[in-house]
Amino acid sequence: MNIGELSRLSGASARSIRHYEKAGLLVSSRRSNGYREFGPEAVLRVQHIARMIRLGFSLEEIATFSPCMFRSESAVICPDALAAHQEKLADIERQIAELESRRARLIETLSHAAPASIPWRRVASAKRG
C-alpha cells in the first residue's frame, strides 16, 4: 500500500509515517516510480507507535522496545516492555508532583503580592475545588 492508504487506514498523517520511517521504526520498500510501498503489517505498527507516543514515549524510547510490542493487536503490554511502562509512569508522577509544588509556591507568592481582585485568584480557587 502507498503512504496515503497507510495514513487513511492507520489514522496517522503521512508526515508522521515518514517521521517514523526516518526514525527506523517503520520499513518500506520503493516502487519503480520511487514511491514508498508498505506491507499490511504497517497499519498495526503505525497504530502501536502512535499509541506509545500518546503514552509519552519518545521515538528513541520506542526504538528500544522488544519486537513483541508490535506483534499483538491488543493494548496488552509486552512483558519485555513492562519495566519501560512502569518507569514512564513513575516519571510522569514525578513531573506531576513537581508541577503541583511549583503551583503551590506560585500561589503562595501571589497571595502575598497581589490584591484579592486579580483574576488569578478566582482561577486558582476554581481549579482547587
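Worth saying up front: this structure is predicted, and the values here are computed from it rather than measured. Reckoned from all heavy atoms, side chains included, excluding hydrogens, waters and symmetry mates.
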Can you tell me how far the [atom1] atom of [X] sits from the [atom2] atom of [Y], to the nearest 0.5 Å?
| X | Y | atom1 | atom2 | value |
| --- | --- | --- | --- | --- |
| L6 | F38 | CG | CZ | 5.5 Å |
| I96 | E93 | CD1 | CD | 6.5 Å |
| H85 | L82 | NE2 | CG | 8.0 Å |
| L9 | Q47 | CG | CD | 8.5 Å |
| I92 | L55 | CD1 | CG | 7.5 Å |
| L89 | R94 | CG | CZ | 9.5 Å |

Name all residues meeting the salt bridge (Lys or Arg N to Asp or Glu O under 4.0 Å) criterion together with [X]; count only those two or more places apart in sequence or in a different chain, and write none if there are none.
| X | value |
| --- | --- |
| R54 | none |
| E61 | K88 |
| E37 | R31 |
| R102 | E98 |

With a cut-off of 3.5 Å and sequence neighbours excluded, list every side-chain donor-acceptor pair involving residues 14-25.
| from | atom 1 | to | atom 2 | distance (Å) |
| --- | --- | --- | --- | --- |
| S16 | OG | S13 | OG | 3.0 |
| E21 | OE1 | R36 | NE | 2.4 |
| E21 | OE2 | S28 | OG | 2.4 |

Original post:
When you check the side-chain N and O atoms of H48 and R45, is any donor under 3.5 Å from an acceptor?
Top reply: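 On atom types as modelled, these side chains do not qualify, holding no pair under 3.5 Å.
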Original post:
Where the side chain of T109 meets the backbone of R105, is there a donor-acceptor pair that is under 3.5 Å apart?
Top reply: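 Judged by distance alone, yes, a pair lies under 3.5 Å.
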Subject >> Closest non-hydrogen atom pair between I53 and I62, with its separation >> reply: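 Nearest pair, atom of I53 first, then I62: CG1-CD1, 3.7 Å.
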Original post:
So which heavy atom on F65 is nearest to which on A84, and how close?
Top reply: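 For F65 and A84, the tightest heavy-atom pair comes out as CE2-CB, 3.4 Å.
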Subject >> Summary of ring-ring contact (aromatic ring centres under 6.0 Å, His included) pairs that have at least one residue in residues 89-110, sequence neighbours excluded >> reply: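 As it turns out, there is no ring-ring contact (aromatic ring centres under 6.0 Å, His included) pair with a partner in residues 89-110 once direct neighbours are skipped.
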Subject >> Heavy-atom check, side chain of D91 versus side chain of E87, under 4.5 Å >> reply: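 The answer is no, as the side chains (C-beta and beyond) never meet within the 4.5 Å cut-off.
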